[in-house]
Amino acid sequence: MSKVIYPGSFDPITKGHMDIVSQATYLFDEVIIAVMQNSNKKEGFFSIEERVQIIREIYRDFNSVKVITGSEATVDLARLHGCKAIIRGLRSLSDFDMEIQLSQINLEISNNSIRTICLFADKNFQFVSSSMVRELFALHKSITNYVEPLVAEKMGEKRKKLCQN
Ligand code: ADP
């Protein structure tokens, strides 16, 4: 069975991420979404557990999509789950610059065993990012074109909780 890992922050998962997942499920038997803690980013909007829960709920009926988290290097997580490749999404030249560096580091630290496959963003979601969604939400603007209804609902619940504290 061919498996691939799709790592990211997914804070929150957007329709752009979901398009990459759907492209990857077309190519591989199983796509493992790995919600990673990014040490360069400060505390997120959702906790890692909340992100995992939301993504699991979204893909509840998809046997070919699994959701995991881990604190080890992505290449180690990939190996642990029997994946030879990492999927990443490309929106722009700046993504490309970052992804080429990441792919080279991952190749090196995995002794050439874990390859990176970049898939192009759908033209409708090329400008969509989690940070843009968080920004719009903070400004009380609609995010429904960019995320699943469940994500918008959970973000609303989170805001209510934060306001109560
Ligand atoms: P990271 O912090 O690892 O960049 P993200 O959740 O922001 O995590 O993104 C995970 C991956 O998904 C990255 O490869 C990123 O380029 C890609 N990605 C993010 N948004 C989109 C989008 N709208 N379309 C396609 N790929 C995307």
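We use all heavy atoms of the structure for the numbers below, so side chains are in, but hydrogens, waters and symmetry mates are not. We count ligands from 1, going down the list as the structure has it; atoms in each ligand are counted the same way.
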* Asked: Can you tell which part of Tyr6 has a heavy atom less than 4.0 Å from ligand 1: side chain, backbone, both or neither?
  ->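 Contact part for Tyr6 vs ligand 1: side chain (C-beta onward).
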
* Under-4.0 Å heavy-atom contact with ligand 1, by part of Pro7 that carries it ->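 Pro7 to ligand 1: backbone contact only, side chain stays beyond 4.0 Å.
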
* To do: Assess whether salt bridge (Lys or Arg N to Asp or Glu O under 4.0 Å) is satisfied between Glu50 and Lys158, documenting all intermediate values.
  => CA-CA 10 Å; Glu50 287 169 330; Lys158 186 94 180 178; 2.8 Å; yes

* Other residues, nucleotides, ligands: >12 heavy atoms within 6.0 Å of Leu139 CG ->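 Correct, the count exceeds 12.
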
* Heavy-atom count around Lys66 NZ within 6.0 Å, excluding the residue itself: above 12? ->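 Yes, because the 6.0 Å sphere around NZ of Lys66 holds more than 12 heavy atoms from other groups.
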
* Hey, are the side chains of Glu57 and Glu148 touching, using non-hydrogen atoms and a 4.5 Å cut-off? ->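 They are not in contact (no side-chain heavy atoms under 4.5 Å apart), so the answer is no.
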
N or O contact, [X] vs ligand 1, cut-off under 3.5 Å:
X: Arg91; answer: yes
X: Leu90; answer: no
X: Ile20; answer: no
X: Asp11; answer: no
X: Ser130; answer: no
X: Thr14; answer: no

* Proximity of Tyr146 and Phe125 rings by center, below 6.0 Å ->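 Aromatic pair excluded; centres sit 6.0 Å or further apart.
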
* Has Glu99 got any heavy atom lying under 4.0 angstrom from an atom of ligand 1? ->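 Glu99: in contact with ligand 1 (<4.0 Å).
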
* If you take all heavy atoms of Phe120 and Ile20, which pair is closest and at what distance? ->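 In terms of heavy atoms, the two residues are closest at O-CD1, 3.9 Å.
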
